[in-house]
Amino acid sequence: MNISGRLYLVKYLAVAAMLAIFFIAQSAHASPPASSAAPAAEPSGLKSVLASSGAAKAEAAKKSVVDEDYVEDDEYYDDEAAEKAKIADPIEPFNRAMYHFNDKLYFWVLKPAAQGYKFVVPEAGRVSVRNLFSNLRTPTRFVSCLLQADFSGAATEAGRFAINTIWGIGGLLDPSSGQELNLKKQDTDLGQTLGFYGVGHGFYIVWPIFGPSSPRDSADIVGDYFLYPVSYLDPFYVPWCVRAYEEVNSTSLRIGDYESLKDAAIDPYIAIRDAYAQYRANKVKQRKIKFESFWSGQSKSENVEK
Amino acid sequence: MQKKWTGFFSVLMLFIFIVPVYAAAPLQVVETNVNKVLDVLRDPKLKAPAAKEAKTQRLRVIYKGMFNEVEFSRRTLGRNWNQLTPAQRAEFIELFEQVLEKAYLDKILSYTNEKIEYTREIVHSDKQAEVQTRVVTSSQEIPIFYRLVFAEGNWRVYDVVVENVSLVQNYRTQFNDILAKNNPEHLLQILRKRVKEQ
């Protein structure tokens, strides 16, 4: 080997070593997530899994991370939303009393009724009944869309009503939501319409029977009464019987949801109040996003709907 | 001739040191972990009611890899986190995890044939992302979003948003309410009692 050959070798080796160090440093910084990307290790015993997966590593890392403070200006993008989804509760004692009333109403009346009904009517039938009632509520959604200048939403609702009434046997089926037509139900109401125009909740009210609400969303209960065709049935008690049946039917499709929400909570009253506030705030936000994307000419995103 | 060979070998040597430098994307993290959970739930060997404990153990292991528990707890307590001593924090993480496990385990174990659609991935910054999914059951569609944080080389979940309701925020409101009137020790006591009675 001559001198120049040796020099080259040294030079190449030096470059190779430098690059190697660089890559090792990189990969140590962002090591491939063994616990999440690697195929699940077949656990022969818990101990071996704990040792082999990232769990043990995480356990060790946890100790040091626990000492880190919570930094206010961490700029989590969801913090702003959290601020917005708060609701004042000046009449908490009244609300708590009403919450307990509704809670008993659910466990003593509504749930047993829904369970008996569920036992008799198969799920497909109950879904159809839900579709039927949903079809009857088209006016509320149609008017809400119009008031929000959401003309595509209003057209969708009108089209859905025509198609589901004629081809869906008066609304028992929902052919519009199928893949071919893809006319999805516009999830909006009058309370959201007010929210859309910047009206805040005001404060939290728990109505007996109607449940969590606010002055703003109470306007929705009233408006919905007038736009819901069932309200105009004679004699006077028929609408209430229909509504009661509607409630039993929809409850039968979600028995267990309320229970799990309640069981998971440390303070169920607060948990439900917060869930209500978050849920409504996000719905209003979605309507605003839809409005903006529609009027700025972007194609409407399917994800915004959901 | 020799020059050529030395060049060739040193280039070859470079490849030896190239280790795949990557951290799975947020969507991948959620998808692989959710699939692991589904595999456990659908495992015919674990169908028997007696296998519940075995199932739970496996789910716990997946949970540890999928969630950033510290971030989860820290975000849940918010600014109140700073009132807790490190020892209290560690205990809180432990207790909160058990409370959540007790609350959601049966719900998770009851899931079997629901279809899960991964609708989209939004990367907010190099540290935060959201993965949006949809669980389709025979009677309804439930949107479930996972919020992830990038730390220690991994994307891991720190919040789950079910039907627009963030779990972290929901618990934060409850804990805030308790901590507004009481000291952290009282909160821990409530949680301890809770874990014990379930």
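These figures come from a predicted structure and were not determined experimentally. Residue numbers start from 1 in every chain, and the chains themselves are labelled A, B, ... in the order their sequence lines are given, proteins ahead of strands.
Here the CD1 atom belonging to A:I270 is positioned 8.0 Å from the OG1 atom belonging to B:T173, to the nearest 0.5 angstrom. Rounding to the nearest 0.5 angstrom, the gap separating the CG atom in B:D177 from the OH atom in A:Y269 is 9.5 Å. Atom OG1 of residue B:T137 and atom CD of residue A:E123 lie 7.0 Å apart, to the nearest 0.5 angstrom. The line from CZ of B:R172 to CG of A:D274 is 10.0 Å long, rounded to the nearest 0.5 Å. In this structure, the separation between NZ on A:K283 and CD on B:E163 is 7.0 Å, given to the nearest 0.5 Å.
The shortest distance between side-chain heavy atoms of A:N282 and B:V161 does not fall below 4.5 Å.
Heavy-atom distances place the side chain of B:L191, and not its backbone, under 4.5 Å from chain A. Heavy atoms closer than 4.5 Å to chain A are found nowhere in B:L167, neither backbone nor side chain. Using a 4.5 Å cut-off between heavy atoms, B:Y171 touches chain A through its side chain atoms alone. When heavy atoms are compared at a cutoff of 4.5 Å, A:R273 approaches chain B solely by way of its side chain, counted from C-beta outward. For A:R130, the part lying under 4.5 angstrom from a heavy atom of chain B is the side chain only. Of the two parts of B:Y104, only the side chain, counted from C-beta on, holds a non-hydrogen atom closer than 4.5 Å to a non-hydrogen atom of chain A.
Considering all non-hydrogen atoms of both residues, B:R194 and A:A264 come closest at NH2-C, 4.1 Å. Taking each heavy atom of A:Q286 and B:N164 in turn, the nearest pair found is NE2-OD1, 3.3 Å.
Comparing B:N170, B:V165, B:I190, B:T85 by how many heavy-atom pairs each has under 4.5 Å with chain A, the most go to B:N170. The candidate with the highest count of non-hydrogen atom pairs below 4.5 Å against chain B, out of A:A265, A:A124, A:S260, is A:A265. Listed options A:D267, A:V127, A:I272 were ranked by heavy-atom pairs under 4.5 angstrom with chain B; first place goes to A:D267.
Under the 4.0 Å criterion applied to side-chain N and carboxylate O atoms, A:D263 and B:K107 are not assigned as salt-bridge partners.
Without hydrogens or angle criteria, A:Q278 side chain to B:S166 main chain gives a donor-acceptor distance under 3.5 Å.
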